[in-house]
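The structure under discussion appears below in the form of structure tokens.
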Amino acid sequence: MAAAAAPAPAARRGTLVCASLMARSSREMAAEVAAAAALGADAAELQVGCINGFQPRRDLPVLLAQPRPLPVIVTYRPKWEGGQYEGEDEPRFEVLLLAMELGAEYVDIELKVADKFLNFLSGRKPEACKLIVSFHNYEYTPSVDELLSLVDQIQATGADIVKIATSATEIDDVSRMFQVLVHCQAKQVPIIGLVMKERGFISQVLCAKYGGYLTFASLEKGKESAPGQPTVADLINKYNIRQIGPDTKVIGIIGNPVSHSKSLTVQNKAFRSVGFNGVFLPFLSDDLVKFLKTFSSPEYVGFSCTMPHKETAVRCCDYLDPIARDIGAINTIVRRPDGKLAGYNTDYTGAISAIEDAIRASQPIDPTTSPLARRLFVVIGAGGAAKAVAYGAKEKGARVVIANRTFARAQELARLIGGTALTMAELESYHPEDGMILANATSVGMYPNVNGTPLSKEALGNYSIVFDAVFVPKETRLLREAAECGIKVVNGLEMLARLVVVQFEFFTGGMPAPQRLIRDAIMTNTQ
Ligand SMILES: O=C1C[C@@](O)(C(=O)O)C[C@@H](O)[C@@H]1O
């Protein structure tokens with residue numbers, strides 16, 4: 001999105017969090033409304049077509065009985081718009097009218113039949129009930145012009161609230177919806193504008209930044225009414241949607257996959273703890289170049305890059321940290337105030353400082369020099385992570401040895417950094433001196449292949465420290481066997497905790513990171 005400016009604070013009201021409910025009976029749905037209220041939702045959408053054997057005169061009074069824990073939207077979606085109802089329009093209109101008469105705060109009607117519905121109502125809509133006129137596209141997101149024309153068509157029906165829900169085929173689609181939200185905000189048109197499906201996820205959170213009237217959420221995982229919907233609890237507790245406003249800075253992790261990343265929980269928690277007005281989101285994207293072009297406005301201040309973008313990211317930056325340039329991979333991008341992108345590699349910082357700290361904790365060492373200086377440092381692997389660890393160790397003055405299954409790649413990396421290469425067979429008996437450090441920078445041993453290990457237990461006895469960049473599981477087979485040999489181990493979470501701290505400081509423009517909180521969240525959080 002070429003810089004859709006966020007609306008002025010004064011024009012903004014809080015975006016409502018609405019639990020969209022699809023229970024099979026009216027009692028169950030009424031209980032879910034109460035559960036949604038307990039989770040902190042502001043409203044509930046009652047998808048009455050999901051109720052088995054729905055009998056409006058029996059079920060609506062149950063659902064709309066006063067006092068109600070939350071204001072409700074009554075939706076009775078026909079099959080032709082992705083719902084369950086298969087009959088004629090008129091009986092459905094009768095149900096919506098009954099819902100209005102029973103005090104529903106909102107009723108949803110599809111754009112296609114909105115005029116017909118209003119004719120049917122002929123003035124019988126109670127003043128207090130707001131009419132949402134909705135349009136859904138379950139396949140794609142139209143152009144901005146087409147979306148704006150839909151807004152006009154919906155407004156022309158006399159709708160109180162415009163609702164447009166489209167689908168994302170790529171994350172960039174969402175930016176068009178944001179432009180529509182901004183346009184409507186300026187014109188004071190209440191709009192629910194969301195992009196469904198996994199790649200549209202950020203729209204459900206960031207609509208709060210762009211003045212969306214309401215966002216939908218599920219009561220719990222598995223109960224989504226639309227693909228890619230967040231839970232009420234995640235919107236409120238993980239993404240801090242109540243704190244999101246026009247000035248909120250946007251940060252996130254770009255990659256595929258990204259939804260597993262611990263950074264989502266940890267960075268948002270850390271932002272909240274220091275009062276930083278930012279939100280950290282999953283940017284599920286296969287095209288980094290396009291993503292950075294699309295989300296180029298100044299409030300998108302930082303990005304964590306993960307697979308498969310760490311190398312492409314180097315080419316996207318206007319400025320590169322010198323070591324990151326040597327490594328040829330970055331995992332952190334910061335947008336500078338002049339709009340230029342700066343790239344850093346915090347993987348190597350995280351890994352190297354985790355190992356240094358472990359050495360410092362076990363022996364008194366001159367704090368002015370690195371405890372890695374002059375040590376023999378063996379790296380297993382020759383990919384991006386290995387490059388980062390090897391460059392980091394070299395920079396600290398270690399003598400670096402690279403071992404890799406494909407020996408030619410070990411030789412190439414060794415040549416690049418000025419080290420030595422070994423075959424994996426040679427590594428088994430490699431023991432030129434005591435006090436060596438071993439770092440696994442391959443994915444061997446990572447979940448689900450937890451039985452894998454890059455080096456035999458017998459060979460581990462040659463080292464005084466063993467580090468594993470793998471952090472799922474926390475204790476890999478390599479680390480377990482090293483510990484059994486009495487060797488000091490450093491796990492990948494130690495690296496992650498440190499790299500996330502550095503990323504936090506980049507993303508917040510230098511705020512001191514809440515290190516204890518980040519560490520605790522990384523060590524305990526299972527996601
Ligand atoms: O390896 C990692 C972890 C990470 O992917 C995450 O899930 O937080 C983020 C990356 O920037 C980093 O290099």
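Counting starts at 1 for both ligands and their atoms, in listed order.
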| query | Distance-only, no hydrogens or angles: does the R498 side chain make a donor-acceptor pair with backbone N or O of T349 under 3.5 Å? | reply |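 No; zero donor-acceptor contacts below 3.5 Å.
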| Is T15 reaching over with its side chain to a backbone N or O of G212, donor-acceptor style, under 3.5 angstrom? |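 Flag set: sc T15 to bb G212 pair under 3.5 Å.
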| Distance only, no hydrogens: is a donor on one side chain within 3.5 Å (strictly under) of an acceptor on the other, for R409 and N404? |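 Judged by distance alone, the side chains do not pair up.
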| said: If we count only N and O atoms by modelled type, under 3.5 Å, do the side chains of D347 and N331 hold a donor and an acceptor together? | reply: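 Yes, because at least one side-chain N or O of D347 sits under 3.5 Å from a partner of the opposite role on N331.
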| message | Using a 4.0 Å cut-off on heavy atoms, what residues surround ligand 1? Order them by chain and number. | response |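 Contacting ligand 1 under 4.0 Å are I253, S261, S263, S304, C305, T306, K310, N331, D347, L496, L499, Q503.
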| query | Would a 4.5 Å heavy-atom cut-off, applied to side chains only, mark F507 and F276 as touching? | reply |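 Not touching, per the 4.5 Å side-chain cut-off.
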| ring pair (Phe, Tyr, Trp, His ring centres under 6.0 Å) partners for Y344, two or more places apart |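 For Y344 the ring pair (Phe, Tyr, Trp, His ring centres under 6.0 Å) partners, ignoring immediate neighbours, are F506.
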